[in-house]
Amino acid sequence: MSLCEENFARLARLVPELGARPPGVYGSRCPEGVDLYLEIEEQARFTTILRLTYVFAVQGAALPDPDARLRVYHDAGQVEVIDLRQTVLPLRADYRAPALAEKWQANLFVGKWLTYCLRQGRVFADAPVTPPTCASGARVTLCP
């Protein structure tokens, strides 16, 4: 649980006033890296469900990687990984025992990723942005 609390503190620095933001796509640009996108899917009084991802253009298609879906518990001050798709860490899709260790690995991965983003000086803009487009000109859907 302390890892989920640490991730909440990291995310709160990366996305100021997260609980007050309306659903939409927000962007963070960094001269040293790929644009980072955050999509707020659902916003409730005590929770937010969001997706955090980089979007790479690969052969005219958009490739989100890593692509994390997170549930933020504002009242408890915790972040839980709901789903994590990425090419670095092999994880099972379900969290039945003994997959609890894999859930911990997913939360650890997100914690390291958030720390990396903060070290880059990233912060999300206050206003939503237009989602990226692929080479064909089609708008990328961050939440498939």
Legend entry - Passing option when Arg71 is tested against Thr48, Ile82, Leu50, Val79 for side chain to side chain contact (heavy atoms under 4.5 Å, CB included): Ile82
Inset, instruction - Report yes or no: is the cationic atom of Arg51 (NZ for Lys, CZ for Arg) under 6.0 Å from the centre of the six-membered ring of Tyr37, at an angle within 45° of the ring normal? - result: no
Legend entry - Members besides Trp104 in its Ile/Leu/Val/Met/Phe/Trp/Tyr cluster (side-chain heavy atoms under 4.5 Å): Leu3, Leu108
Inset, instruction - Would you indicate whether the side-chain heavy atoms of Arg122 and Arg29 approach each other to under 4.5 Å? - result: no
Inset, instruction - Apply side chain to side chain contact (heavy atoms under 4.5 Å, CB included) to the pair Leu18 and His74, showing each step before the final yes or no. - result: CA-CA 9 Å; Leu18 174 61; His74 300 285; 4.1 Å; yes
Inset, instruction - List the steps and the verdict of side chain to side chain contact (heavy atoms under 4.5 Å, CB included) for Arg69 and Arg85. - result: CA-CA 9 Å; Arg69 191 163 184 243; Arg85 297 174 190 173; over 6 Å; no
Legend entry - Path from Tyr73 to Val110 over hydrophobic side-chain contacts below 4.5 Å: no
Inset, instruction - Measure across Cys117 and Tyr54 and return the closest heavy-atom pair with its distance rounded to 0.1 Å. - result: SG-OH, 3.8 Å
Legend entry - Single-linkage hydrophobic cluster Leu114~Tyr116, side-chain heavy atoms < 4.5 angstrom: yes
Legend entry - Under-4.0 Å salt bridge between Arg45 and Asp75: no
Could you go through residues 5-14 and list every donor-acceptor pair under 3.5 Å that involves a side-chain atom there, pairing it with any protein atom two or more places apart or in another chain?
residue: Asn7; atom: OD1; partner: Arg10; partner atom: NH1; Å: 2.8
residue: Asn7; atom: ND2; partner: Asn107; partner atom: O; Å: 3.0
residue: Arg10; atom: NE; partner: Thr115; partner atom: OG1; Å: 2.8

Inset, instruction - Would you check if Ser28 and Val123 make a side-chain contact, meaning some heavy-atom pair closer than 4.5 Å? - result: no
Inset, instruction - List the atom of Gly27, the atom of Val129, and the distance in Å for their closest heavy-atom pair. - result: N-CG2, 3.6 Å
Legend entry - Approximate separation, where rounding is to 0.5 Å, of Gln78 CD and Glu80 CD: 9.0 Å
Inset, instruction - Identify the heavy atoms of Leu52 and Trp113 that sit nearest to each other, and give their distance. - result: O-CH2, 3.3 Å
Inset, instruction - Find out whether Pro22 and Ile40 are in side-chain contact, i.e. whether some heavy atom of one side chain is under 4.5 Å from a heavy atom of the other. - result: no
Inset, instruction - Would you check, one step at a time, whether the test side chain to side chain contact (heavy atoms under 4.5 Å, CB included) holds for Gln86 with Leu84? - result: CA-CA 6 Å; Gln86 43 68 48; Leu84 176 62; 3.7 Å; yes
Legend entry - Phe109 vs Pro66 side-chain heavy atoms within contact, under 4.5 Å: yes
Inset, instruction - Report yes if some heavy atom in the side chain of Asp126 is under 4.5 Å from a heavy atom in the side chain of Arg21; otherwise report no. - result: yes
Legend entry - Validation row: Val81, Leu70 side chains within 4.5 angstrom (heavy atoms): yes
